[in-house]
Amino acid sequence: MAGKVFFSVSMSLDGFIAPASLGELMGRQWMELQQWIFPQRHFRENLKLGEGGEEGRDNDIVRETFERTGASVMGKNMFDAGEKMWPEEAPFHTPVFVVTHEKRDPWERPGGTVFRFVNDGIESALDQAREAAGDRDVRIAGGGATILEYLNAGLVDEFSIALSPVLFGSGIRLFEGVDASRIALEQIRSEPSPRATHLTYGVHPR
């Protein structure tokens, strides 16, 4: 049985998931947005940041998201930013399919992450990711424009938002340009934690 297609992001209270400029990634606002995840034990172990870390529901959510993901899909902008910032052992440990116009050979990293570059559209990338994931889920990793493409195409089954207690004021909005006439949502879970509020929704045709 094929798994679900989902995305999982951190979002500010005013609806932003990233600064407008890639040059501001890892800046103060972005660090504040992600502050809930950095102390978590699973996150620290996965990125080889050292032993220890917090355990609790936030950590469980990080671990569950990682464990359900059999393959990921991302856009070229996210890959370009990550290629500069990820450690040598990239944090996915599964196949990653990059939607791009560029033709490039697969890029293998230590720890099981293999980036494959797909230049014939989002549906082709998803088909390849589904095959690679088997009965596990496919995560649309980002960035915002790629998530929106899949959402508007009716290809997303579920998504989760970690709502962080921070305001951006400007940047990339998660739902800017969403085709709301075609999408209906079903709330699955709402879980507050000391660091964020975790919201999960099922996605259905309207």
Side-chain angles (χ1 to χ4, degrees), residues 1-11 17-18 22 46 61-86 89-162 172-186 188-189 199-206:
M1 181 177 176
K4 293 181 178 179
V5 178
F6 80 103
F7 65 85
S8 178
V9 297
S10 298
M11 187 172 78
I17 60 170
L22 289 177
N46 193 30
I61 287 170
V62 176
R63 177 178 44 78
E64 289 164 5
T65 301
F66 178 83
E67 290 177 348
R68 71 183 285 192
T69 302
S72 296
V73 175
M74 70 177 59
K76 182 64 161 52
N77 286 344
M78 181 175 178
F79 173 78
D80 287 345
E83 189 176 17
K84 300 171 185 175
M85 294 189 301
W86 293 317
E89 187 173 315
F92 301 94
H93 308 293
T94 61
V96 179
F97 296 86
V98 181
V99 180
T100 178
H101 297 296
E102 177 186 5
K103 292 187 177 181
R104 178 172 168 177
D105 291 333
W107 188 44
E108 297 188 20
R109 310 304 296 148
T113 302
V114 181
F115 295 93
R116 292 183 168 84
F117 301 88
V118 182
N119 49 44
D120 55 350
I122 63 170
E123 292 193 13
S124 175
L126 181 57
D127 288 343
Q128 293 178 58
R130 283 187 187 277
E131 184 174 354
D135 58 359
R136 295 167 73 192
D137 295 339
V138 173
R139 181 180 184 182
I140 310 302
T146 301
I147 287 172
L148 196 65
E149 275 194 90
Y150 278 97
L151 192 59
N152 282 341
L155 297 173
V156 173
D157 301 310
E158 184 180 293
F159 66 84
S160 296
I161 293 171
I172 296 173
R173 288 190 182 275
L174 176 58
F175 296 115
E176 189 74 44
V178 70
D179 187 353
S181 66
R182 298 180 57 195
I183 297 168
L185 302 180
E186 169 197 4
I188 297 174
R189 282 188 304 278
L199 306 170
T200 302
Y201 298 91
V203 183
H204 308 284
R206 184 183 289 277

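Here Thr69 pairs with nothing under the side chain to side chain donor-acceptor pair (under 3.5 Å) rule; sequence neighbours left out. Every residue meeting the ring pair (Phe, Tyr, Trp, His ring centres under 6.0 Å) condition with Phe117, not counting sequence neighbours, appears here in chain and number order: Phe79. Scanning for salt bridge (charged side-chain N to carboxylate O under 4.0 Å, His left out) contacts around Glu123 gives an empty result, with sequence neighbours left out. Not a single ring pair (Phe, Tyr, Trp, His ring centres under 6.0 Å) links His204 to another residue, sequence neighbours left out. For Ala145, there are no side-chain contact (heavy atoms from CB on, under 4.5 Å) partners at least two apart in sequence or on another chain. Scanning for side-chain contact (heavy atoms from CB on, under 4.5 Å) contacts around Arg206 gives Ala184, with sequence neighbours left out. The side chain to side chain donor-acceptor pair (under 3.5 Å) check on Asn152 picks up nothing, with sequence neighbours excluded.
Residue pairs meeting the salt bridge (charged side-chain N to carboxylate O under 4.0 Å, His left out) criterion with at least one member in residues 95-120, sequence neighbours excluded: Lys76-Glu102, Glu83-Arg104. Applying the salt bridge (charged side-chain N to carboxylate O under 4.0 Å, His left out) test to pairs two or more places apart or on separate chains, those with a residue in residues 139-162 are Lys4-Glu158, Arg68-Glu158. Sequence neighbours left out, the pairs with a member in residues 129-162 that pass ring-ring contact (aromatic ring centres under 6.0 Å, His included) are Phe7-Phe159, Phe159-Phe175, Phe159-Tyr201. Among residue pairs with one or both ends in residues 172-182, those qualifying as side-chain hydrogen bond (donor to acceptor under 3.5 Å, both in side chains) are Asp179-Ser181; sequence neighbours excluded.
Shown here for Gly144 and Ile17, the closest heavy-atom pair between the two residues is CA-CD1, 3.7 Å. In plain terms, the two heavy atoms of Gly111 and His93 that are nearest each other are O-ND1, 2.8 Å. When all heavy atoms are compared, the tightest approach of Ala71 to Phe97 is CB-CE1, 4.3 Å. For the pair Ala133 and Val138, the tightest heavy-atom approach, listed with the atom from each and the gap, is CB-CG2, 3.9 Å.
At a threshold of 4.5 Å between non-hydrogen side-chain atoms, the residues Val203 and Leu185 count as touching. Within the 4.5 Å cutoff, no side-chain heavy atoms of Thr100 are placed close to those of Val118. In this structure the side chain of Val5 reaches within 4.5 angstrom of the side chain of Arg130, judged on heavy atoms. Residues Ile161 and Leu174 have side chains in contact (heavy-atom distance under 4.5 Å, counting atoms from C-beta outward). Using a 4.5 Å heavy-atom cutoff, the side chains of Val73 and Val99 are in contact.
Taking CG of Leu126 as the start and CG of Leu155 as the end, the distance is 6.0 Å to the nearest 0.5 Å. Separation of atoms OG (Ser8) and CD1 (Ile140) is listed at 12.0 Å; rounding is to 0.5 Å. Phe92 contributes atom CZ, which lies 4.0 Å from atom CH2 of Trp86 (distance to the nearest 0.5 angstrom).
Remark: the backbone N or O of Ala90 is paired with a side-chain donor or acceptor of Thr113 at under 3.5 angstrom.
The number of heavy atoms from other shown groups lying within 6.0 Å of CD (Glu64) is above 12.
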